[in-house]
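What's counted below: heavy atoms across the whole structure, side chains too, no hydrogens, waters or symmetry copies.
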Amino acid sequence: MLFRDTGRTATGTGDRVGAHRTLRAGLRTGALAVIVAAALVSCTQASSGGGPGADVPAAAADPAADRARIAEDTENADLAEREAAEEEPTAVPTPGPELVRDAFATLQATLYDTCTPGAGDCAYFLGRVTRELTELDESMRADDKGPGHFKKPLADMKVLFDKLGDDRSEAHLEKYFSEIVGTRDGINTWMQDHPDDYR
């Protein structure tokens with residue numbers, strides 16, 4: 001292998017692809033330089049009668065041997081290029097927020113679910129609705145239409161999140177049962193009036 005790219009770029013996939021193309025061009029140029037240099041040395045030694053193989057009769061000037069050596073050098077350069085391509089890291093895209101319609105669909109799936117505060121069956125239900133609202137909030141803020149399009153639901157969710165804070169314990173969520181369920185139902189009504197956002 002002639003060259004090996006062991007560098008890591010701090011930017012992104014584009015820089016790695018550009019670096020890989022530069023490496024590939026460098027490998028080809030290097031291989032050609034080696035081939036030309038080998039041919040020139042062989043020709044010079046054969047015509048001058050000097051050099052390390054001077055006492056060996058005409059075998060060093062054999063065109064078939066030169067062609068074999070050139071083919072081997074080219075094959076080595078191709079192998080180095082293939083190995084460099086295999087070592088290029090595969091970029092794994094970082095997933096962003098869901099589409100609004102997908103986030104809303106999972107929230108809407110909770111519409112007929114409920115629990116009884118104090119009965120010990122609210123941890124899952126209220127935790128799920130709160131999580132679905134959080135994901136819908138992220139989706140609406142990242143949507144191409146911009147957060148201004150979702151002004152009402154985003155404002156309602158902000159009021160709820162300000163009340164909830166970071167506490168997601170069952171007792172704390174039960175304390176805000178009406179606000180959580182009311183926010184979910186209000187957003188459902190708003191989305192029904194904006195079918196382009198969820199169909």
Side-chain angles (χ1 to χ4, degrees), residues 5-25 81-199:
D5 180 18
T6 57
R8 294 285 185 265
T9 58
T11 54
T13 306
D15 287 347
R16 287 197 297 270
V17 171
H20 179 63
R21 289 183 180 147
T22 303
L23 173 64
R24 219 183 312 175
E81 184 178 331
R82 284 194 303 273
E83 287 176 353
E86 289 170 3
E87 290 170 6
E88 182 180 340
T90 304
V92 179
T94 304
E98 292 179 288
L99 295 174
V100 170
R101 75 187 67 211
D102 295 338
F104 176 63
T106 55
L107 175 68
Q108 199 175 30
T110 70
L111 276 179
Y112 300 107
D113 294 341
T114 190
C115 68
T116 306
D121 63 346
C122 282
Y124 171 76
F125 169 69
L126 293 177
R128 178 181 175 190
V129 173
T130 303
R131 185 178 63 252
E132 301 293 356
L133 287 169
T134 301
E135 291 174 0
L136 181 60
D137 180 86
E138 292 170 357
S139 297
M140 287 179 169
R141 291 182 189 284
D143 191 83
D144 291 341
K145 293 179 181 177
H149 176 74
F150 301 100
K151 190 173 180 179
K152 172 80 167 96
L154 286 173
D156 291 346
M157 285 187 280
K158 182 179 184 322
V159 169
L160 174 65
F161 298 150
D162 286 346
K163 288 179 181 177
L164 293 178
D166 294 328
D167 188 351
R168 294 295 185 264
S169 65
E170 182 177 9
H172 186 69
L173 294 178
E174 284 183 355
K175 181 179 172 184
Y176 294 101
F177 176 87
S178 297
E179 288 87 344
I180 294 170
V181 173
T183 302
R184 176 199 66 182
D185 295 347
I187 288 174
N188 179 63
T189 300
W190 188 91
M191 290 293 281
Q192 298 296 337
D193 291 336
H194 297 77
D196 290 344
D197 293 316
Y198 76 93
R199 285 184 184 163

Dump the intermediate steps for side chain to side chain contact (heavy atoms under 4.5 Å, CB included) on L160 and L133, then the final yes or no. CA-CA 10 Å; L160 174 65; L133 287 169; 3.6 Å; yes
Measuring from [X]:[atom1] to [Y]:[atom2], what's the distance to the nearest 0.5 Å?
X    : Y    : atom1 : atom2 : result
D162 : M157 : CG    : CE    : 12.5 Å
L164 : L173 : CG    : CG    : 6.0 Å
L136 : L107 : CG    : CG    : 6.0 Å
R168 : D166 : CZ    : CG    : 6.5 Å

Would you say [X]'s side chain and [Y]'s backbone share a donor-acceptor pair under 3.5 angstrom?
X    : Y    : answer
D113 : F125 : no
T110 : T106 : no
E98  : E135 : no

Does atom NZ of K145 have more than 12 heavy-atom neighbours from other groups under 6.0 Å away?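 Buried by this count: over 12 neighbours within 6.0 Å.
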Which atoms form the tightest heavy-atom contact between [X] and [Y], and what is the distance?
X    : Y    : value
D167 : H172 : O-CD2, 3.1 Å
C122 : P117 : SG-N, 3.6 Å
I187 : P153 : CG1-CB, 3.9 Å
T183 : E179 : OG1-O, 2.7 Å

Parallel under 30°, tilted from 30 to 60°, perpendicular over 60°: which one fits the rings of H194 and W190?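 The rings of H194 and W190 lie parallel, inter-plane angle below 30°.
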Between [Y] and [X], is there a side-chain heavy-atom distance shorter than 4.5 Å?
X    : Y    : answer
F177 : T114 : yes
N188 : F104 : yes
L126 : E174 : yes

Among Q192, H149, R101, find the residue that satisfies the side-chain hydrogen bond (donor to acceptor under 3.5 Å, both in side chains) test when tested with D197.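 Among Q192, H149, R101, the one meeting side-chain hydrogen bond (donor to acceptor under 3.5 Å, both in side chains) with D197 is H149.
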F150 vs D137, side chain to side chain contact (heavy atoms under 4.5 Å, CB included): CA-CA, chis, key distance, verdict: CA-CA 9 Å; F150 301 100; D137 180 86; over 6 Å; no
Please walk me through it: do Q108 and L111 pass side chain to side chain contact (heavy atoms under 4.5 Å, CB included)? CA-CA 5 Å; Q108 199 175 30; L111 276 179; 3.6 Å; yes
